[in-house]
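From a predicted model like this one, the values you see are computed outputs, not experimental measurements.
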Amino acid sequence: MLVERDEVLGTAAAAAAAARAGEGRWVLLASAAGMGRTAALDAVVRRESAGGAMRVARARCVPEEAGFPFALVRQVFPDDVAVPFSAPAGPDEQLVLHRLVACLARSSAERPVLLAVDDLHHADEPSRRWIGYLARRITGLPVALVLTECLDQSEPTPLPPATGTTVRLRSLGAPAVTRIARAAGLTEEQAATCVEAGAGIPALVRALVADLGEGPLPRPPSGPARSRYRETITGWLRHRADPRSRHVCLALAVAADGGTPDGPGLLDQVADLCPHGRPPSARSVRRLGRMLRHPLAREAVLAAAEPGETAALHARIARLLDESGAPATTVASRLLRVDRPGEGWMARSLAEAAEEAAGAGRVAEATAYLRHALSGPHPPDRRAGLTLRLGALELPHSAAAGIRRLRTGLELHTDVRERAAAAPALSAALVAGRRTDTALRVLHQASRGADDELVQVLQTLGALISSHDAAAWRSAVARLHALAPTAPVTIEPLVCGLITEYEAGAGLCSAAEAVGRVRTRLAAPVDPRLRTAWLGSAATLLQWADHLPEAGALADACLPAAPTPPDLTDAGVQCLLSVRAEAALWAGDFSRVVAENAPLVEASAGQGVRLPHLVAMVATAHAEAGRRAEAWEVLAGPGPSGADSSWEWNELRYARALLHAADGNWAAAYEDHLACGAGQAARDFVSPVATPWRSGAALALVRLGRRREARELAEEELRHARTWGTPRTVGRALRAHAAAVGGRSALDSLTEAAESLRSGPAPVELAETLVDLGRAHIEAGNGRKGRDALREAHAVAERLCGTAAPATGGGAVNGAPPVLAGRLLGVVEEALREGRVRGRPRAMTGCPALTAAERRVVELAAAGHTNAHISAALHLTRRTVETHLTSSYRKLGVTRRAQLAPVLAREAEPAAPPPPG
């Protein structure tokens with residue numbers, strides 16, 4: 001059954017009628033491949049020769065005979081020995097052409113002839129000239145000449161328009177294809193597949209209809225193996241298509257398979273890829289491009305490719321894309337199909353794509369690009385660079401693989417300076433894998449044969465890494481003291497910073513002294529190889545001194561924004577990660593701690609990279625937010641410390657002690673505090689600035705009824721805290737001292753502690769102290785002051801709960817604010833019940849009720865920034881931004897974003913002066 005071919009049959013019928021009347025005509029059926037030219041020709045032959053109305057002479061041209069003169073003509077006149085086997089020239093050829101037309105005229109005089117020639121585009125040149133000769137003289141002959149020609153191969157053969165007509169066979173329309181499919185019993189979805197994958201090509205539509213009638217495509221392993229659709233395409237490409245058409249089809253399939261845009265530039269790309277002379281027509285490229293968007297069509301075309309053919313096309317398309325400025329990942333996705341991407345531009349594109357993917361948080365994709373880049377031949381320096389970068393990306397997900405890769409990259413360098421430049425990356429990775437002794441050996445070996453300045457750079461970096469080993473840290477500090485007087489100006493800031501860290505921990509300097517040293521050096525020139533290490537040291541000291549925004553700003557300036565993973569092969573970055581997490585924790589921004597650090601902790605869990613400090617921060621944030629089960633689960637991740645004496649384990653022991661205390665397990669809390677203290681003492685770290693273990697142990701001893709021991713620890717803690725001199729350390733120590741001494745002295749200590757903590761950014765410590773102060777006042781008989789203190793504690797705890805919404809799976813639901821929860825709020829509300837405080841304290845409203853995190857989000861939202869922009873700017877998840885906004889709307893009494901700016905503006909207006917008198 002022919003569909004949408006009425007024009008073809010009608011034109012052919014008219015030509016045949018004219019021929020039977022003695023006035024011959026030609027009809028050329030021209031179409032792209034697969035449009036049913038042969039089927040249409042067969043239908044014409046059947047209709048016009050029915051009942052013997054016309055004698056049929058048929059010929060079909062094939063590529064194999066295109067080089068033999070008169071091969072087509074010999075099919076028309078099989079018994080005519082006068083058809084030459086060589087191509088005559090000039091008058092001789094005219095004589096041959098005339099004699100053949102005369103022979104046809106004599107034959108048609110007996111009965112009209114229907115001369116049917118299929119695939120004229122494959123005809124030999126002498127035969128094509130004879131067809132043209134016949135078309136010019138056909139008017140007086142009872143001959144109907146019906147020909148077919150593929151337009152993918154060439155433009156239509158120029159025949160005289162006065163004696164015939166060219167009819168173009170168009171693609172079947174979607175309604176026609178749908179009718180055919182539905183008539184065969186296919187579903188609407190299957191009919192849509194026929195429309196899309198068939199591209200209106202009758203042969204493909206018929207094959208699809210037959211295939212889909214047997215089951216879905218592509219075939220499952222248990223289904224019938226045969227696919228007529230695939231066989232139709234592959235058979236044409238392998239046996240009937242000329243080399244140029246085959247190559248163009250493969251190029252388009254490869255282009256579509258990789259997602260290359262099929263815009264105006266596609267034709268030029270395909271033309272450049274085609275080595276067979278004349279470029280394809282724009283029409284055929286557009287038609288094939290539409291068809292090859294469907295995966296069934298692409299799969300069928302690519303199945304006809306020879307081994308290595310598609311890889312070569314991917315490489316050439318990648319080169320075109322690279323030269324046109326396409327994104328690196330678009331180029332690299334092509335290069336993944338190339339066996340050995342050894343050319344320089346290939347390695348560059350893959351490396352750029354790896355950075356682009358890593359920046360978007362797609363680490364697996366980035367590592368795939370780099371691994372593939374390394375599969376090709378490269379000079380040692382390029383291979384070393386690719387290997388080192390791959391090791392850095394692999395490290396969080398597999399310490400063993402990352403360290404092996406980094407070691408290989410280091411060994412590829414033969415130059416002393418290059419090896420020295422690569423050594424810190426391997427050293428930092430070994431520290432992340434808890435192999436500090438090996439890390440120090442790597443740096444020591446890399447310094448052999450290096451110049452004095454490079455040796456000093458590695459020695460200073462080694463001192464930073466030595467902080468993860470108690471014995472090595474003491475020795476490193478001694479060497480730093482010896483180096484300090486003569487250290488080059490670009491190395492001295494880090495030397496000073498590390499010495500100050502030691503002195504701060506050893507109780508040898510105050511916070512004011514430490515901040516003074518840092519600030520005078522922040523603008524000083526620093527060796528680029530030491531920049532992150534210096535900023536990590538400076539940020540640590542600023543954080544200890546309670547300059548949390550300044551410390552956080554230094555960390556944010558160096559750390560990548562989410563979802564880009566941090567580079568754990570940089571020891572300074574490791575330090576800055578710790579600072580950023582702890583600064584947010586101290587500020588009470590628990591959701592930020594979890595959002596920024598939980599993904600890295602989870603990615604490295606069980607992979608050989610143990611991050612005890614970040615684990616401690618995430619676990620503590622979970623606990624403060626009221627999620628103790630999650631906190632304990634996180635703490636179990638790193639496992640036991642073994643012989644590792646890194647300061648990070650002391651932080652983990654302190655976090656574990658806090659969770660035991662929150663659970664009421666005071667004996668376990670005391671043991672963990674003592675273990676933390678022993679670890680700190682081994683490093684000469686006596687200050688309570690980082691892990692106030694004595695305060696925690698004193699509180700536990702009080703609960704265990706051992707008040708005398710508690711007082712000794714608390715007094716020692718208070719002495720060290722006053723040396724450092726920040727409100728947080730002093731207030732925290734005073735609270736422990738109050739618990740240990742009891743009585744009126746306790747009330748005095750708590751009052752001083754609360755006054756101290758109100759002046760610093762220590763909301764958690766302030767709320768805890770106010771609870772103790774409220775209880776002490778009530779116990780002393782001063783209920784009013786006690787209730788006021790408890791109400792103030794409740795306000796502080798409520799503000800913190802606004803930042804404690806779960807980072808995932810929590811936040812606002814259907815526009816409602818998050819349910820307030822958290823450890824502190826529970827402690828305060830218990831104290832309120834015990835103190836029999838009447839009524840619930842009213843939640844603070846207006847701008848003063850906003851937490852620091854909420855205030856940052858609200859100000860950006862009021863300035864017109866979207867949630868996505870705010871998320872990127874503040875390094876928060878989108879859900880956290882939404883949670884902050886929901887909570888802020890409730891506190892500010894607004895319902896939409898546009899109302900935020902007026903509320904903030906009203907708050908900024910100066911208060912009106914009091915009336916005179």
Query - Exercise: identify the closest heavy-atom pair between Thr187 and Arg182 - result: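 Taking every non-hydrogen atom into account, O-CD, 4.1 Å.
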Query raised in the report: Closest heavy-atom contact between Ala300 and Thr234?
Result: O-CG2, 3.0 Å
For residues 99-108, which side-chain donor-acceptor pairs fall under 3.5 Å, sequence neighbours excluded?
residue : atom : partner : partner atom : Å
Arg99   : NH2  : Ala82   : O            : 3.2
Ser107  : OG   : Arg55   : NH2          : 2.2
Ser108  : OG   : Leu104  : O            : 3.1
Ser108  : OG   : Ala105  : O            : 3.0

Query raised in the report: Which pairs pass salt bridge (Lys or Arg N to Asp or Glu O under 4.0 Å) with one or both residues in residues 27-38, sequence neighbours excluded?
Result: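 Pairs touching residues 27-38 that pass the test: Arg37-Asp119.
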Query raised in the report: Does a salt bridge link Glu196 with Arg293, judged by any charged N lying under 4.0 Å from a carboxylate O?
Result: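 No, Glu196 and Arg293 are not salt-bridged.
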How would you list, by chain and number, every residue that makes a side chain to side chain donor-acceptor pair (under 3.5 Å) with [X], sequence neighbours excluded?
X	answer
Glu352	none
Glu365	Arg362, Tyr369
Glu125	none
Arg129	Glu93

Query raised in the report: Cationic tip of Arg74 within the cone over Phe85's six-membered ring, i.e. under 6.0 Å and within 45° of the normal?
Result: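 Positive - Arg74 is close enough to the ring of Phe85 and near enough to its axis.
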Query raised in the report: To the nearest 0.5 Å, how far apart are CG in Leu292 and CG in Leu250?
Result: 9.5 Å
Query - Separation of Thr232 OG1 from Ile201 CD1 (nearest 0.5 Å) - result: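 Ile201 CD1 to Thr232 OG1: 10.5 Å, rounded to 0.5 Å.
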Query - Sidechain-backbone polar pair: Thr193 side chain, Glu189 backbone, donor-acceptor under 3.5 Å - result: yes
Indicate yes or no: at least one non-hydrogen side-chain atom of [X] is less than 4.5 angstrom from one of [Y].
X	Y	value
Ile233	Leu204	yes
Pro341	His372	yes
Ile138	Arg25	no
Leu186	Cys194	yes
Val205	Val195	no
Arg58	Val45	yes

**Report entry** With sequence neighbours excluded, residues passing ring-ring contact (aromatic ring centres under 6.0 Å, His included) with Trp26
**Finding:** none
Taking side chain to side chain contact (heavy atoms under 4.5 Å, CB included) as the definition, give me every residue that meets it alongside [X], ordered by chain and number, with sequence neighbours left out.
X	result
Ala40	Val8, Leu29, Leu169
Ala318	Val331, Arg334, Leu335, Trp345
Glu306	Arg246, Glu309
Arg389	Glu355, Ala358, Leu370, Ala392, Leu393

Query raised in the report: Side chains of Glu356 and Thr329: do they bring a donor and an acceptor to under 3.5 Å?
Result: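 Judged by distance alone, the side chains do pair up.
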**Report entry** Pair Arg383-His378, side-chain donor/acceptor within less than 3.5 Å
**Finding:** no
Query raised in the report: If you count the non-hydrogen atoms of other residues, nucleotides and ligands that lie under 6.0 Å from CD in Glu188, is the total more than 12?
Result: no
Query raised in the report: Of all residues at least two apart in sequence or in a different chain, which pass the salt bridge (Lys or Arg N to Asp or Glu O under 4.0 Å) check with Glu23?
Result: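 Partners of Glu23 by the salt bridge (Lys or Arg N to Asp or Glu O under 4.0 Å) criterion come out as none, since no residue qualifies.
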